[in-house]
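For ligands, and for the atoms within them, numbers begin at 1 and follow the listed sequence. Values below: all heavy atoms of this structure, side chains included; hydrogens, waters and symmetry mates excluded.
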Amino acid sequence: MLAAFASLCLAELLAGALRPEASPVTAVGGAVIDRTPAPVKDWAIRNFGSNDKVVLQLGILVLLALFALVLGLVCLRARPLGAAGVLLFGVLGAVAAAGRPAARGSDVWPSVAGALVGALVLWLLSGMLPGGSGRLGPGPSGFGRRRLLLAAGATALVSAGSGLAGRQLTASRRADAAASREAIRLPRPASPARPRPSGSDLRVRGLSSFVTPNRDFYRVDTALVVPRLNADTWRLRLHGKGVARELRFGYADLLERELIERDITLTCVSNQVGGKYAGTARWLGVSLAGLLREAGVRPPAEGGPADQLVARSVDGMTLGTPVDTVMDGRDAMLAVGMNGEVLPFTHGFPVRMLVPGLYGYVSACKWLTELELTTFDDFDAYWVRRDWAREAPIRTQSRIDTPRPFSSPRAGAVAVAGVAWAQHRGIARVEVRVDGGDWQPARLSAEVGKDTWRQWVWEWQADSGDHTLEVRATDGTGATQTSERRGTVPDGATGWHSVVVNVP
Ligand SMILES: Nc1nc2c(c(=O)[nH]1)N[C@H]1C(S)=C(S)[C@@H](COP(=O)(O)O)O[C@H]1N2
Ligand SMILES: [Mo]
């Protein structure tokens, strides 16, 4: 265990000095995420939410500890075999690190050096056991025991120190990135968001606010270490099929362009019926269609050769979006601001993509570094290679926020309220029913736009007993949400949200 600890601590120190992504735990975790089948990913998001990554890293550490114990026992019988086992783990870490999509050659060093040190520590410490290498004897002599304890203690101290130093290096790097982000002043939009009409937020107790504050906004991504780019060195390249003029620009160039500001609701395809992976923000950014036009791109509808726009992020994630959708007049954008703030690191600083009406995994690339025009025939993006659909427009959904499931509202007037979304089609109607009775029209919040959700409220005269509340929405095209219950894979969950309450 001590050898494993020493190994990980040294690796952390080197990763802190090189880059945090090179840490073996992070690299192996990333490799595990990439190989996680859709149902397991779904299950993890459902059960652990945004803590799924913490759970994964803890799981890796627990597994490592178990293997360390096993290797320790092996070492008591065959010292070289135990040490070789440690080296094998180093190879595993190095292979994982080198195989990350955005890997650099130097990323293998923390794993390699950590394993060498771990093997050495195991070799030396086990050599201090009575008999030099063999089985535990009746107990080391007083002198031998003291020597062993001293060596073990020194190893533990030095390891802990280097591990902490590694974390410190990473922390100071993060502080640098944070300072560069805080120095940014966003310009005013040339095209501001339309003022929200009064009544766009119903302000019912227990109901999600119309705008989701940044700190409450859901986060879904595969990044174990949140990328912390520096806006000064950030570059974006737009190239590929049918691009007449390749574009390359930096953050300052982007801010010099005309900025648009829009209220848009973002939704994750992994959102279960009734789930909370949806949020609304006021985004500030540059029109993506405008950029594509500037590069000479024509949509397929106008005879352009590329039907897919592939966005790449600094961590190697790829997301593919239909070019027709991006250029059909909706407010697809490269966003730099979120709710009056510079884009937070967790939501893609410095620049992310957004396309109203499409699920995040086919449109909302965070930590964006490259845009490539290609075809759906030629390229499958990250989640498409993992069972998810190529194209994924957002399905109409409605959610009951209050009363909470299994709560006990008092008999009499109860405000049943929630949100409903069908981005880019808009929400036309929301209905509620109790215990399978007649559908009752809910009152909708004033519409902000067809790219945002709407709140709804319905006053229920509750009598005592167990009751089931159900909700369904109708979008702007007149289509009502299907009752058919389907899971999130491959292109979004369907079905009505229902909540059971007990009125005492
Ligand atoms: N680089 C990168 N961008 C990404 C993802 C990711 O894993 N990596 N996840 C996507 C998914 S699945 C969703 S739903 C949205 C979520 O954006 P948010 O975390 O800002 O809410 O980001 C998208 N953009
Ligand atoms: Mo998502």
Side-chain angles (χ1 to χ4, degrees), residues 21 29-30 32-34 36 38 41-42 44-46 49-53 56 100-102 208 211-229 234 236 264-272 275-283 285 309-321 332-339 341-371 381-389 391-395 397 421 423 453 487-493:
E21 291 83 353
V32 170
I33 292 177
D34 287 354
T36 301
K41 173 219 177 205
D42 236 34
I45 289 186
R46 199 160 58 242
S50 300
N51 293 325
D52 53 355
K53 298 178 182 73
L56 174 65
R100 305 302 304 132
S208 309
V211 172
T212 314
N214 289 358
R215 65 172 181 286
D216 299 334
F217 208 95
Y218 80 93
R219 175 188 162 206
V220 169
D221 55 59
T222 59
L224 272 178
V225 177
V226 173
R228 295 193 168 231
L229 306 191
W234 176 85
L236 181 78
I264 298 170
T265 299
L266 181 62
T267 311
C268 182
V269 71
S270 291
N271 191 60
Q272 303 285 131
K276 52 189 181 328
Y277 296 126
T280 302
R282 178 161 283 188
W283 306 91
L309 175 65
V310 171
R312 263 193 198 84
S313 74
V314 69
D315 60 345
M317 168 59 71
T318 53
L319 295 81
T321 314
M333 65 162 95
L334 300 187
V336 292
M338 180 178 185
N339 288 330
E341 222 187 277
V342 176
L343 200 61
F345 288 111
T346 45
H347 295 291
F349 178 82
V351 180
R352 80 172 306 166
M353 204 170 117
L354 284 176
V355 183
L358 304 185
Y359 283 121
Y361 84 104
V362 290
S363 66
C365 187
K366 306 194 274 189
W367 315 296
L368 179 71
T369 58
E370 186 189 333
L371 290 170
Y382 184 94
W383 288 115
V384 175
R385 275 178 255 150
R386 293 165 172 81
D387 304 346
W388 298 82
E391 298 198 23
I394 292 170
R395 295 179 180 280
Q397 268 299 341
W421 60 82
Q423 289 93 307
W453 62 15
T488 56
V489 188
D491 57 5

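- At a 3.5 angstrom cut-off on N or O pairs, Tyr218 counts as close to ligand 1.
- Panel note: side chain Tyr361, backbone Trp388; no donor-acceptor pair is recorded below 3.5 Å.
- Less than 4.0 angstrom separates some heavy atom of His347 from each of these atoms of ligand 1: 18 (P), 19 (O), 20 (O), 21 (O).
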field: Working for salt bridge (Lys or Arg N to Asp or Glu O under 4.0 Å), residues Asp315 and Arg100
entry: CA-CA 8 Å; Asp315 60 345; Arg100 305 302 304 132; over 6 Å; no
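- The protein heavy-atom contact nearest to atom 8 (N) of ligand 1 is Met317 CG, 3.4 Å.
- For the pair Arg352 and Leu343, the minimum side-chain heavy-atom distance is below 4.5 Å.
- Atoms of ligand 1 lying under 4.0 Å from any heavy atom of Val220, numbered from 1 in the order shown and given with element: 5 (C), 9 (N), 10 (C), 11 (C), 12 (S), 13 (C), 15 (C), 16 (C), 19 (O), 22 (O).
- Formation of a donor-acceptor pair under 3.5 Å by the Tyr359 side chain with backbone atoms of Arg395 is found in this model.
- Near Asp315, with a cut-off below 4.0 Å to any heavy atom, the atoms of ligand 1 are 1 (N).
- Among protein heavy atoms, atom 23 (C) of ligand 1 sits closest to Ala364 O, 3.5 Å.
- Within the 3.5 Å criterion, the main-chain N or O of Met338 finds a donor-acceptor partner in the side chain of Asn214.
- The distance from ligand 1 to the heavy atoms of Cys268 drops below 4.0 Å at these ligand atoms: 14 (S).
- In this structure, Arg352 has a heavy atom closer than 4.0 Å to ligand 1.
- Checked against a 3.5 angstrom limit, the closest N/O atoms of Tyr361 and ligand 1 fall outside it.
- At least one N/O-N/O distance between Lys366 and ligand 1 falls below 3.5 Å.
- Trp453 and Trp421 have tilted rings, their planes meeting at an angle from 30° to 60° on a 0 to 90° scale.
- Those atoms of ligand 1 that come under 4.0 Å of a heavy atom in Phe217, given as number and element, are 21 (O).
- Close approach of ligand 1 to Arg219 is summarised as follows: ligand atoms under 4.0 Å from at least one heavy atom of the residue are 19 (O).
- Salt bridge Lys41/Asp52: absent, no basic N to carboxylate O contact under 4.0 Å.
- Note that CZ of Phe345 and CG of Leu229 are 8.0 Å apart. Values are rounded to the nearest 0.5 Å.
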side-chain contact (heavy atoms from CB on, under 4.5 Å) assessment of Arg46 paired with Thr488: CA-CA 11 Å; Arg46 199 160 58 242; Thr488 56; 5.7 Å; no
- request: Quick one: do Trp383 and Leu319 satisfy side-chain contact (heavy atoms from CB on, under 4.5 Å)? Show the steps, please.
  value: CA-CA 8 Å; Trp383 288 115; Leu319 295 81; 6.0 Å; no
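- Residue contacts with ligand 1, taken as heavy atom pairs separated by less than 4.0 Å, do not involve Trp383 at all.
- Proximity to Ser313 (heavy-atom distance under 4.0 Å) selects the following atoms of ligand 1: 1 (N).
- Leu236 CG to Met353 CE: the interatomic distance, rounded to the nearest 0.5 Å, is 10.5 Å.
- Heavy atoms of Leu266 found under 4.0 angstrom from ligand 1 belong exclusively to the side chain.
- For ligand 1, the atoms lying closer than 4.0 Å to a non-hydrogen atom of Asp221 are 5 (C), 6 (C), 7 (O), 8 (N), 9 (N).
- Any N or O atom pair closer than 3.5 Å counts here, and Val269 shares no such pair with ligand 1.
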